[in-house]
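Have a look at the structure below, then the notes.
Every heavy atom of this structure was used, including side-chain atoms; hydrogens, water molecules and symmetry mates were not. Keep in mind that this is a model prediction, so the values were computed, not measured.
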Amino acid sequence: MSGLLSVFFHLLLLFKLVAPVTFRHHRYDDLVRTLYKVHNECPYITRVYSIGRSVKGRHLYVLEFSDYPGIHEPLEPEVKYVGNMHGNEVLGRELLLQLAEFLCEEFRNANQRIVRLVEGTRVHIMPSMNPDGYEVAAAQGADISGYLVGRNNANGVDLNRNFPDLNTYVYYNEKHGGPNHHLPLPDNWKSQVEPETEAVIHWIRSFNFVLSANLHGGAVVANYPYDKSLEHRVRGVRRTANTPTPDDKLFQKLAKVYSYAHGWMHQGWNCGDYFPDGITNGASWYSLSKGMQDFNYLHTNCFEITLELSCDKFPRQEELQREWLGNREALIQFLEQVHQGIKGMVLDENYNNLAEAVISVSGINHDVTSGDHGDYFRLLLPGTYTVTATAPGFDPETVTVTVGPGEPKLVNFHLKRSIPQATPTRRVPNPGHGRRVLPKKVQPRAREEDEETKRPQRVPA
Ligand SMILES: [Zn+2]
């Protein structure tokens, strides 16, 4: 018996000795090693890829989890997490590395919840969108005095103020008519953005992402679009106002799923601020132009929220385990949120896939489109909806569908080719969907005021 006990204790000791010290900050090389380590441990369900390079040539790596890595399976939604966009906000980076290790380990342990997630979802994890800024912040260490050191990329640009401003277009269109989704990029967009931003824009255009979160620090709150306030000035006074999207209720729910699954975010009082339920509309907190979450919503099918995860932007290493335990369930539950609403295929009469078909939900002025494989995903809260699929050259098809709280409802569309009309009774169609040219006066301004000048009392999160 004592021999058995001794073996047991030896094993325990051995396990303790070889168990990696995972709760640490990861510099760039360490981050890359960790991503490949996870890939080597779970080669059949992961893939490491780079979407491009930072100003200083560091790769923007993504670790993908899927039962078929590298392949989009029709009707299987794509989700992403982006961390460390502000180089000095480092918790997201560490949490995403933890998440990667957790997903791999639990899949190997046959944790049914994680197996189901990986088999039914394609998850893309980018721990750092700003590896250059991180190195600057990390060189200073956790007890830095400069609160903004490392925030920007190597060209000194705040990447969350660097995306094309599409809000100006959509606010105009909401009033005067025009596309409510997939708003076009300005012609000269590439010359206006940083390499990291350009890489991310190419990335989010090349996958049909449905759901996303962007991980930041400096507060503890789940922030949902719009970030940019509709009213900038009232009688010359700068003001910020709640600026909801047409999907406001859904966004609130997505934000609440995170805040309530989080250890303390939902309590509302954090870092000296109070946010009811631990969530906020971005613009009602402070208006921010050219941010990433508004861009995702206005240019792609992706619904993104911004998670502010720690008062301390660069928490000490000893805090990391507690933070991981506080965020783990929320990070998983948020991914699971992609499985709600409706999804399905858009096909023609010969069962060919129809890409870029438009799916409209009556009462919600924001359409989504089918992806390259003809599949679409429309996140919706439980309720009854009238849904229409349209594609150029086809008759629209409308169905009524009741969505429950559980799995998404499968709604396929089989569109019939329109019979050409002898007399041109229809009005002149838009010249290409989402390609509407705006009058000069509403062209987005080249540059918004810095957020710092708007909110001098607040250091941006
Ligand atoms: Zn931030």
Verdict with reasoning, R27 to E94, per salt bridge (Lys or Arg N to Asp or Glu O under 4.0 Å): CA-CA 10 Å; R27 298 290 285 258; E94 299 308 327; over 6 Å; no
Working for side-chain contact (heavy atoms from CB on, under 4.5 Å), residues D247 and K253: CA-CA 10 Å; D247 283 291; K253 188 225 172 181; over 6 Å; no
Stepwise salt bridge (Lys or Arg N to Asp or Glu O under 4.0 Å) check, R151 with E89: CA-CA 7 Å; R151 175 186 176 87; E89 297 170 14; 3.5 Å; yes
H266 vs S259, side chain to side chain donor-acceptor pair (under 3.5 Å): CA-CA, chis, key distance, verdict: CA-CA 5 Å; H266 58 278; S259 74; 5.8 Å; no
Test side chain to side chain donor-acceptor pair (under 3.5 Å) applied to N160 and H86, step by step: CA-CA 8 Å; N160 209 22; H86 289 142; 5.0 Å; no
Step-by-step side-chain contact (heavy atoms from CB on, under 4.5 Å) determination, H181 to T369: CA-CA 9 Å; H181 67 103; T369 57; 3.6 Å; yes
Derivation of the side chain to side chain donor-acceptor pair (under 3.5 Å) call for N88 and Y134: CA-CA 6 Å; N88 62 333; Y134 177 84; over 6 Å; no
Y49 vs Y61, ring pair (Phe, Tyr, Trp, His ring centres under 6.0 Å): CA-CA, chis, key distance, verdict: CA-CA 6 Å; Y49 66 95; Y61 280 116; 9.2 Å; no
F251 vs Y297, ring pair (Phe, Tyr, Trp, His ring centres under 6.0 Å): CA-CA, chis, key distance, verdict: CA-CA 11 Å; F251 271 119; Y297 184 68; 5.4 Å; yes
N84 and N130: CA distance, side-chain angles, deciding distance, side chain to side chain donor-acceptor pair (under 3.5 Å) verdict: CA-CA 6 Å; N84 197 212; N130 184 1; over 6 Å; no
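Listed by first and then second residue, the disulfide bond (SG atoms under 2.5 Å apart) pairs involving residues 22-97 are C42-C104 (not counting sequence neighbours).
The 12-atom threshold is not exceeded at OH of Y68, counting heavy atoms of other residues, nucleotides or ligands nearer than 6.0 Å. Atom CG of D372 is surrounded by 12 or fewer heavy atoms from other residues, nucleotides or ligands within 6.0 Å. By the neighbour-count criterion of 12 heavy atoms within 6.0 Å, atom CG of D187 is sparsely surrounded, having that number or fewer from other residues, nucleotides or ligands.
Donor-acceptor pairing under 3.5 Å is recorded for the side chains of Y260 and D277. No hydrogens or angles considered: a donor-acceptor pair under 3.5 Å links the side chains of Q293 and N223. With hydrogens and angles left out, the side-chain atoms of D132 and S54 include a donor and acceptor closer than 3.5 Å. For the residue pair N109/E105, the side-chain donor-acceptor check at 3.5 Å is not satisfied. Neither side chain, E308 nor H216, offers a donor N or O lying under 3.5 Å from an acceptor on the other. In this structure, a donor-acceptor pair under 3.5 Å is present between the side chains of T388 and T398.
To the nearest 0.5 Å, atoms CD (Q340) and CG (L250) are separated by 5.5 Å. Taking CG of L211 as the start and CG of L254 as the end, the distance is 6.0 Å to the nearest 0.5 Å. With values rounded to the nearest 0.5 angstrom, N40 atom CG is found 13.0 Å from R33 atom CZ. N152 CG to E194 CD: the interatomic distance, rounded to the nearest 0.5 Å, is 9.5 Å. Summarising the geometry, atom CD1 belonging to I125 is positioned 8.5 Å from atom OH belonging to Y81; distances are rounded to the nearest 0.5 Å. Note that CZ of R24 and CG of L97 are 9.0 Å apart. Values are rounded to the nearest 0.5 Å.
Looking at N296, its side chain does come within 3.5 Å of a backbone N or O of M292 through a donor-acceptor pair. Side chain of T121 to backbone of V123: no donor-acceptor contact under 3.5 angstrom is found. Side chain of N162 to main chain of V193: no donor-acceptor pair is present (N/O by atom type, distance under 3.5 Å, no hydrogens or angles).
Partners of E304 under the salt bridge (charged side-chain N to carboxylate O under 4.0 Å, His left out) rule, at least two apart in sequence or in another chain, are K80. Not a single ring-ring contact (aromatic ring centres under 6.0 Å, His included) links Y28 to another residue, sequence neighbours left out. With sequence neighbours excluded, the residues that form a ring-ring contact (aromatic ring centres under 6.0 Å, His included) with F209 are H124, W203, F207. Scored by the salt bridge (charged side-chain N to carboxylate O under 4.0 Å, His left out) test, R122 finds E64, E78 as partners (sequence neighbours excluded).
Using a 4.0 Å cut-off between charged side-chain N and carboxylate O, K228 and D165 make a salt bridge. The pair K37-E101 counts as a salt bridge, with a side-chain nitrogen and a carboxylate oxygen less than 4.0 angstrom apart. Ion pairing of R116 with D67 is absent here, as no side-chain N (NZ or NE/NH1/NH2) approaches a carboxylate O to less than 4.0 Å. For E196 and R53, the salt-bridge test fails: no basic side-chain N is under 4.0 Å from an acidic carboxylate O.
You'll find the side chain of K343 stays beyond 4.5 Å of the side chain of V411, heavy atoms only.
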Side-chain donor-acceptor contacts of residues 349-359 below 3.5 Å, not counting sequence neighbours, with atom names and distances?
{"residue": "E349", "atom": "OE1", "partner": "R417", "partner atom": "N", "Å": "3.4"}
{"residue": "N352", "atom": "ND2", "partner": "D348", "partner atom": "OD2", "Å": "3.1"}
{"residue": "N353", "atom": "ND2", "partner": "H373", "partner atom": "O", "Å": "3.2"}

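D375 and E73 get closest at one heavy-atom pair: OD2-O, 4.1 Å. In terms of heavy atoms, L117 sits closest to L335 at CD2-CD1, 3.9 Å. Minimum interatomic distance between Q337 and L379 (heavy atoms only, all atoms of both residues): O-CD2, 3.9 Å. Across all their heavy atoms, M126 and L96 have their closest contact at O-CD1, 3.5 Å. Counting all heavy atoms, side chain and backbone alike, L166 lies closest to L183 at O-CD1, 3.6 Å. Looking at every heavy atom in both residues, V346 comes nearest to S370 through CG2-CB, 4.1 Å.
A tilted orientation is assigned to the rings of H262 and Y258, their planes being inclined by 30° to 60°. The aromatic rings of H299 and H182 sit tilted relative to each other, their planes meeting at an angle between 30° and 60°.
Aromatic rings of H176 and Y171 (six-membered ring for Trp) have centroids beyond the 6.0 Å cut-off, not under it.
For the ring pair (Phe, Tyr, Trp, His ring centres under 6.0 Å) criterion with F295, the lone passing option out of W189, Y226, F163, Y169 is F163. With S66 as the partner, the side chain to side chain contact (heavy atoms under 4.5 Å, CB included) test is satisfied by one option alone out of E119, E76, R47: E76.
Relative to the ring axis of W264, R322 places its NZ or CZ within 45° and under 6.0 Å from the centre.
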